[in-house]
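Both counts, for ligands and for their atoms, begin at 1 and track the order of listing. Source: prediction; values computed, not measured. Starting from 1, each residue takes its place in the sequence as its number.
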Amino acid sequence: MSGNRIVVLSGGIGGAKLALGLSAVLPDGELTVIANTGDDFEHLGLTVCPDLDTLLYTLSGLANPQTGWGRRDETWTFSAVLESLGGETWFQLGDGDLALHVERTRRLRGGESLTRITARFAECWGLATRLLPASDDPVRTMVQTDQGLLAFQDYFVARKCAPRVVSIRFEGAERARANPAALEALASPDTKAIIIAPSNPYLSVDPMLAIAELRDALGVAVAPVVAVTPIIGGAAVKGPTAKIMTELGIEVSPLSVARHYGGLIDGFVLDTADADLRDSIDVPALVTDTLMSSLQDKRSLAETVISFARSLRSPAHAASAAQ
Ligand code: FO1
């Protein structure tokens with residue numbers, strides 16, 4: 001490994017697209033992805049880690065391009081039989097995907113950490129990227145809504161994000177230790193940029209930032225921290241980000257996202273559709289095309305974000321490092 005590491009904080013589908021672009025433009029072993037575990041839950045007796053798995057599948061070329069989650073060329077015999085038995089099928093587990101959850105659960109019960117298991121799976125599938133859960137301790141996103149307090153997947157999948165969000169909290173975050181390998185990556189002098197992926201700030205990035213050690217590590221990192229907007233022209237690229245912002249009384253604008261990360265970021269990337277907002281952002285801002293449809297889009301956004309990050313000094317961080 002040379003001294004040009006890039007670290008990215010990512011949720012599921014949107015973050016995985018940028019992670020794929022970064023992995024395509026960086027030499028093997030240079031990319032570390034720290035993944036949200038707030039969406040993880042126990043289902044049918046199995047531990048399911050949707051964001052980690054979306055990253056695993058995407059980075060190994062196995063992802064389902066239609067859904068963004070789950071595996072390509074999946075079969076659904078398990079789900080069909082379960083349904084015929086009157087079982088719970090609101091959260092769909094494909095046959096191949098099921099194998100991943102069974103093996104992870106078996107290893108967790110045998111005492112292996114989620115970090116170790118994820119590294120093992122990544123090795124089995126030939127990933128050149130280091131994939132790290134934000135924590136080995138449980139952090140669970142809970143959504144307070146007009147229909148009561150809901151576990152994340154109940155809100156997101158079972159109720160299709162329809163309930164009105166009142167507040168969001170991350171159970172276990174106050175006790176959770178950050179993944180030591182993630183802390184090492186954030187602090188390493190070899191790390192040249194830390195990127196907050198265009199994931200949902202409130203549902204996918206905040207569960208990681210709620211872990212004090214991780215947030216603090218970002219705050220003192222010497223490498224510049226750059227966030228990429230998940231909001232383009234007043235709408236979310238995918239998912240419920242804009243709906244949630246409206247319900248929480250936050251203006252649906254990249255400006256709100258930049259402010260949300262205020263004090264943590266040294267640079268912000270916004271879309272060409274929002275170029276007029278550049279001067280209103282408190283940190284240096286780069287305007288570029290942030291929509292990632294093709295692999296070429298992902299690669300070119302990755303290259304642009306890396307060179308923007310490299311062009312930044314991180315004044316706050318540099319000052320604290322100099323003391
Ligand atoms: N999302 C859905 O909307 N419906 C599903 O049935 C579903 C199943 C599923 C199974 C495994 C997995 O890793 C992810 C799955 N997702 C499903 C996606 C997932 O719940 C969300 O996209 C993330 O948690 C949000 O990042």
Parallel, tilted or perpendicular: ring planes of Tyr155 versus Phe152, cut at 30 and 60 degrees: tilted
Run the side-chain hydrogen bond (donor to acceptor under 3.5 Å, both in side chains) test on Thr272 and Asp289 for me, step by step, so that the C-alpha distance in whole Å, both residues' side-chain angles and the decisive distance to 0.1 Å come before the verdict. CA-CA 6 Å; Thr272 34; Asp289 289 332; 2.6 Å; yes
Nearest to atom 21 (C) of ligand 1, what protein heavy atom do you find, and at what distance? Phe156 CE2, 3.7 Å
Thr67, portion touching ligand 1 at heavy-atom distance under 4.0 Å: neither
In the protein, which heavy atom is nearest to atom 19 (C) of ligand 1, and how far is it? Pro50 CB, 3.9 Å
So is Asp53 polar-close to ligand 1, meaning N/O to N/O under 3.5 Å? no
For the pair Ile34 and Val8, evaluate side-chain contact (heavy atoms from CB on, under 4.5 Å) and give the outcome as yes or no after the intermediate values. CA-CA 6 Å; Ile34 303 174; Val8 56; over 6 Å; no
Which one of Tyr57, Phe41, Trp69 has a non-hydrogen atom at the shortest distance from atom 5 (C) of ligand 1? Trp69
For atom 11 (C) of ligand 1, what's the nearest protein heavy-atom neighbour? Residue, atom name and distance, please. Asp97 OD2, 3.3 Å
Taking 4.0 angstrom as the limit, do Glu74 and Arg72 come out as a salt bridge? no
Would one find more than 12 heavy atoms of other residues, nucleotides or ligands at under 6.0 Å from atom CD of Glu83? no
Around atom 9 (C) of ligand 1, find the nearest protein heavy atom and jot down its residue, atom name and distance. Phe91 CZ, 3.2 Å
Do Trp90 and Glu88 meet the criterion of a side-chain donor-acceptor pair at a distance under 3.5 Å? yes
Looking only at side chains, do Asn200 and Thr241 share a donor and an acceptor under 3.5 Å apart? yes
What protein heavy atom lies closest to atom 26 (O) of ligand 1? Include the residue and the distance to one decimal. Asp51 OD1, 2.9 Å
How does Leu203 reach ligand 1, if at all, at less than 4.0 Å between non-hydrogen atoms: by side chain, backbone, both, or neither? neither
Could you tell me whether Arg175 and Asp137 have a side-chain N and a carboxylate O separated by less than 4.0 Å? no
N/O to N/O below 3.5 Å, does that happen between Gln153 and ligand 1? yes
Can you check whether Asp39 has an N/O within less than 3.5 Å of an N/O in ligand 1? yes
Protein contact to atom 3 (O) of ligand 1 [nearest heavy atom, distance to 0.1 Å]: Val157 CG2, 3.8 Å
Verify the distance criterion only: is there a donor paired with an acceptor across the side chains of Ser294 and Asp297 at less than 3.5 Å? yes
Ligand 1 atoms in contact with Phe152 (distance to a heavy atom under 4.0 Å): 24 (O)
Report the member of His101, His43, Gln92 with the shortest heavy-atom distance to atom 6 (O) of ligand 1. Gln92
